[in-house]
*Asks:* 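Sharing a structure below in structure tokens format, with a few things to ask.
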Amino acid sequence: MIGGLGLALGLLTPLAAAALIGVMINAMVTVTGAHGLRETDGGVEYSVCIAVGALALAAIGPGRLVGWRLLSPMGCGGRKEAAFALGLGGLVSAITLTL
């Protein structure tokens, strides 16, 4: 919920995207991974779409109308922010899955 709310408000977009990516990786591994790719079979298609969308928003940035962009040091978006979101989301989900 925090990740989605952060993306909706444009608040620390790479961190919010990392939260969503981590949750979706955990959902893919624990819940939908055994069902294949198609969503009609209960597969990972929807989770992949959400994770890729969050990664795209981290790369694009929060947009010019968001007031948080001026206050955020990571607010502009780009390759570094997208790599940070993907790396942090993957790391947190790996730690969560090992526990």
*Asks:* Hey, any chance L88 and L57 share a hydrophobic cluster, counting ILVMFWY side chains that come within less than 4.5 Å of each other, even indirectly?
*Replies:*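 In one cluster: no.
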*Asks:* For residues M28 and S47, report the shortest heavy-atom separation together with the two atoms involved.
*Replies:*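 Reported closest heavy-atom pair: CG-CB, 3.4 Å.
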*Asks:* Looking only at heavy atoms, which two atoms of G22 and S93 are closest? And how far apart?
*Replies:*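 Answer, listing the atom of G22 first, then S93: O-CB, 3.6 Å.
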*Asks:* Give a yes or no on whether I2 atom CD1 has more than 12 heavy-atom contacts from other residues, nucleotides or ligands under 6.0 Å away.
*Replies:*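 It does not: I2 CD1 has 12 such atoms or fewer within range.
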*Asks:* Which atom pair, heavy atoms only, marks the closest approach of A85 to P14?
*Replies:*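 Heavy atoms only, the tightest pair is CB-O, 3.5 Å.
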*Asks:* Starting at OG1 of T30, measure out to CD1 of I25 and round the result to the nearest 0.5 Å.
*Replies:*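 The CD1 atom of I25 is 11.5 Å from OG1 of T30, to the nearest 0.5 Å.
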*Asks:* Kindly give the heavy-atom pair with the smallest separation between L7 and A16, and that separation in Å.
*Replies:*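 Closest pair (atom of L7, atom of A16, distance): N-CB, 3.7 Å.
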*Asks:* In terms of hydrophobic clustering (I, L, V, M, F, W, Y; side-chain heavy atoms under 4.5 Å; direct or indirect links), are F84 and V92 co-clustered?
*Replies:*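 Cluster IDs for F84 and V92 match.
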*Asks:* Just one of N26, L86, V52 clears the side-chain contact (heavy atoms from CB on, under 4.5 Å) bar with I21, so which one?
*Replies:*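 Of all the options given, the one that passes is L86.
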*Asks:* Could you tell me which non-hydrogen atom of A54 sits nearest to which non-hydrogen atom of L20, and how far apart they are?
*Replies:*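 Taking A54 first and L20 second, the nearest heavy atoms are CB-CB, 4.0 Å.
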*Asks:* Let me confirm one number: the CG-CD distance from L15 to E81, rounded to the nearest 0.5 Å.
*Replies:*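 Going from CG on L15 over to CD on E81, the span is 10.5 Å.
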